[in-house]
> 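Starting off with a structure, shown below.
In what follows, chains are A, B, ... by sequence order, proteins preceding strands, each numbered from 1.
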Amino acid sequence: MKNTPKKRKSRLVETEDGRLLIKSPMAYVYLLLPMAFLCLFVLFPTVMAGRMAFFQKYNFMKSLGTGFGTNAFEYVLHDKVFWQAAKNTGILMAVALPATVALSLMFALLINAIKRLKGMFQALFFLPYVTSSIAIGAAFQWLFHSEYGYFNWFIGLFGAAPQKWLTDSSCVIWALCIFCIWNGLAYKIVLFLAGLQKIDKEVYKAAKIDGTSPWRTTVKITLPLLAPTTWMVSMMSMIYTAKTYNEVYSLFTSYGGGGSAGPGNNAITLVYYIYYQFYERQKVNYAAAAAIIFLAVILLLTTIQRLVAKKFVQYV
Amino acid sequence: MEITLKNLTKKFDSVTAVDHVSLTIPDGKLTGLLGPSGCGKSTLLYMLSGLTNVTEGSIFFGDKDVTVEAPDKRNIGLVFQNYSLYPHMTVEENIAFPLGNRHGKDRMNARQKHEAACRVAELVQIQDLMNRKPKQLSGGQQQRVAIARALVKQPDVLLLDEPLSNLDARLRMEMRQEVRRIQLESKVTTVFVTHDQEEAMSITDTIVLMKKGVVQQQAPAREIYMNPSNAFVASFLGNPPISFLDAKVAGGQVALDAGQGFSVSGVADGAYSLGIRPEAWVPGHAFHVKVEHVEMRGQDQIVTFKLNGVQVRATLDAEYQANVGETISLDLRTNRCYFFNPETGVRV
């Protein structure tokens with residue numbers, strides 16, 4: 001028998017920054033299962049959707065396509081409803097996203113500043129997160145009701161005329177914005193509060209000794225030290241806002257009827273457009289083409305984020 | 001600025017952290033608040049700063065009662081134990097930050113702030129580090145920045161909370177000299193908190209020694225060491241610590257073990273707790289003791305033996321030959337022996 005020394009399976013490796021890592025072939029075994037799930041439920045559908053998008057006609061039940069070409073993309077890119085969806089998603093990103101981040105930051109700062117009843121307010125602001133979007137949507141449908149809703153009562157206090165929030169085609173996107181702003185608050189407030197917890201309290205004592213005003217303390221100390229959290233929350237919300245679908249569904253489907261997003265699809269978003277093409281119009285290849293375009297946009301956004309983050313965000 | 005405390009008391013629920021403290025902290029001097037952990041020294045410091053409010057009593061800065069004054073109205077500089085520098089600002093921004101809080105006619109423009117920051121940076125010798133972030137500095141350098149930030153607004157009082165405890169032993173020696181130099185150059189009334197007797201004795205003008213919220217003695221280092229007012233003060237100061245043994249005085253004679261003793265004057269007959277400093281012992285003839293332990297320290301050695309059934313430590317010259325198990329002969333310098341009331345611990 002050959003008496004060769006047994007080959008060592010795992011070994012300790014020192015990284016450049018002095019940490020020790022265990023390198024072992026077993027790692028691949030452990031990774032296998034998650035990788036298999038990832039391939040089955042993410043990679044495979046993505047590839048299939050890509051394939052679907054290039055057929056002129058596609059039978060989803062039989063996974064059979066005919067007529068290879070780019071006409072699904074052409075259709076989508078010339079579809080007014082798609083551009084309506086793109087525009088609405090853009091409005092959400094430009095209005096609802098900054099508003100919800102700013103408001104949640106403000107609420108987190110306020111909650112952080114109080115001493116009594118802090119726990120109560122934290123719980124209160126977190127409640128929406130554990131409530132079903134559909135239930136919240138039903139509640140907002142009433143709030144937005146053109147005759148009995150509180151929104152119209154509220155703007156009436158300032159002398160504004162009542163609006164048909166959910167049925168007037170020029171209003172629906174703003175109703176959606178308001179709903180998205182509110183719906184996004186809870187989780188972000190919790191993230192901001194966690195970020196605020198991480199800031200060393202002694203720093204505030206130092207500022208207090210020097211007679212720093214609350215405003216200057218917030219602007220010069222809290223916000224810079226919270227920047228990594230703010231950045232993380234903004235990036236997360238950006239992707240989340242781009243994917244807006246739940247909010248549209250819960251707010252409009254029971255009104256618009258027939259699965260369209262509000263009157264004349266005026267509150268449609270990109271993801272809702274994919275759903276709409278797939279389920280309402282049974283145009284599987286159009287839905288797939290829209291999904292591929294959406295994926296490209298998201299990838300582009302993520303790349304820009306990473307480049308910007310490298311340059312501007314310092315983790316102190 | 002002279003600081004006067006009158007009956008200053010701080011209670012946390014049922015715990016009295018500082019108990020009716022009355023003392024005067026001299027103007028322009030370096031005062032050390034010394035004591036074991038939990039003695040209330042930090043609480044006292046934070047009451048001076050205004051970050052902790054006062055339960056009872058009053059604080060005067062000069063003639064001004066500042067007991068209920070807000071921290072920023074007291075014109076103090078405070079250096080925290082962990083420095084509490086603003087991590088996202090450069091050294092210069094850190095130092096100049098307090099100046100940005102000035103309003104009205106005191107308002108400073110960028111150039112004035114820069115000049116003021118440079119002036120104190122030079123005092124604490126960090127002028128070459130102005131563009132660094134705190135994370136890029138060593139502990140000692142961060143300490144200097146913290147002191148500079150506290151001094152930049154030219155405070156009446158500089159407060160330091162355990163300023164050297166986060167530094168390693170060598171750096172601590174260096175920084176305590178620096179704290180002294182900076183204090184002497186800036187002439188600011190300085191109070192610093194420490195639990196390290198050596199630190200307090202080496203650089204302060206006066207030491208306030210506390211125990212359980214009560215001031216035990218306030219005196220310059222030499223005085224408090226040579227002339228302790230009670231057994232706690234005597235035991236807290238000195239390394240190796242003082243040894244205590246029961247002693248009876250009769251007719252001016254102190255009787256110790258096996259008929260050995262010495263004579264004293266001015267001490268009434270009775271039972272006492274006798275404190276003997278280790279350096280009171282010198283090679284001689286009067287006492288014959290059996291060596292139990294020898295600890296060589298380089299410049300001297302700590303020799304342990306039993307007297308009256310109690311372990312007693314003596315520091316003897318390193319050249320003196322003392323071996324474990326041998327009997328050696330020593331003399332006692334009685335000026336380093338202190339008699340305390342065995343019940344109250346008060347010096348007789």
> With respect to chain A, which residue among B:S49, B:A70, B:G100 yields the maximal number of heavy-atom pairs within a distance under 4.5 Å?
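With the most close heavy-atom pairs to chain A, the winner is B:G100.
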> For the pair B:D72 and A:T212, evaluate side-chain contact (heavy atoms from CB on, under 4.5 Å) and give the outcome as yes or no after the intermediate values.
CA-CA 8 Å; B:D72 53 297; A:T212 317; over 6 Å; no
> Above 12 or not: heavy atoms from other molecules or residues under 6.0 Å from NZ of A:K118?
yes
> Got a sec: does the CG of B:D106 have more than 12 other heavy atoms crowding it under 6.0 Å?
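For B:D106, atom CG is crowded (more than 12 foreign heavy atoms under 6.0 Å).
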> Taking all atoms of both residues into account, what is the closest heavy-atom pair of B:K153 and A:I209, and its distance?
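Minimum heavy-atom contact is NZ-O, 3.5 Å.
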> Counting only non-hydrogen atoms closer than 4.5 Å, does B:L85 touch chain A with its backbone (N, CA, C, O), its side chain (CB onward), both, or neither?
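Just its backbone gets close to chain A.
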> Side chain, backbone, both or neither: which part of B:F97 has a heavy atom under 4.5 Å from chain A?
both
> Step through the shown structure and confirm whether more than 12 heavy atoms of other residues, nucleotides or ligands are within 6.0 Å of NZ on A:K201.
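Yes, enclosed.
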> Are there more than 12 heavy atoms of other residues, nucleotides or ligands under 6.0 Å from atom CD1 of A:I22?
no
> Is the count of non-hydrogen atoms from other residues, nucleotides or ligands lying under 6.0 Å from A:Y187 atom OH greater than 12?
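12 or below, so no.
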> Rounded at 0.5 Å granularity, tell me how far CG in B:N101 sits from CG in A:D210.
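Rounded to the nearest 0.5 Å, the CG-CG separation comes out at 6.0 Å.
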> So which heavy atom on B:S84 is nearest to which on A:A206, and how close?
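Smallest heavy-atom distance, with atoms named: O-CB, 4.1 Å.
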> Where does B:I76 contact chain A at under 4.5 Å (heavy atoms): side chain, backbone, both or neither?
both
> Please say whether the positively charged group of A:K220, taken as NZ for Lys or CZ for Arg, lies over the ring of B:Y86, i.e. under 6.0 angstrom from the six-membered ring centre and within 45 degrees of the axis.
no
> So with a 6.0 Å cut-off around OH of A:Y245, is the heavy-atom count from everything else above 12?
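Yes - once you tally the heavy atoms of other residues, nucleotides and ligands closer than 6.0 Å, there are more than 12.
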> Can you tell me which of B:L78, B:N75, B:L99 forms the most heavy-atom pairs within a distance under 4.5 Å of chain A?
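Greatest number of close heavy-atom pairs with chain A: B:L78.
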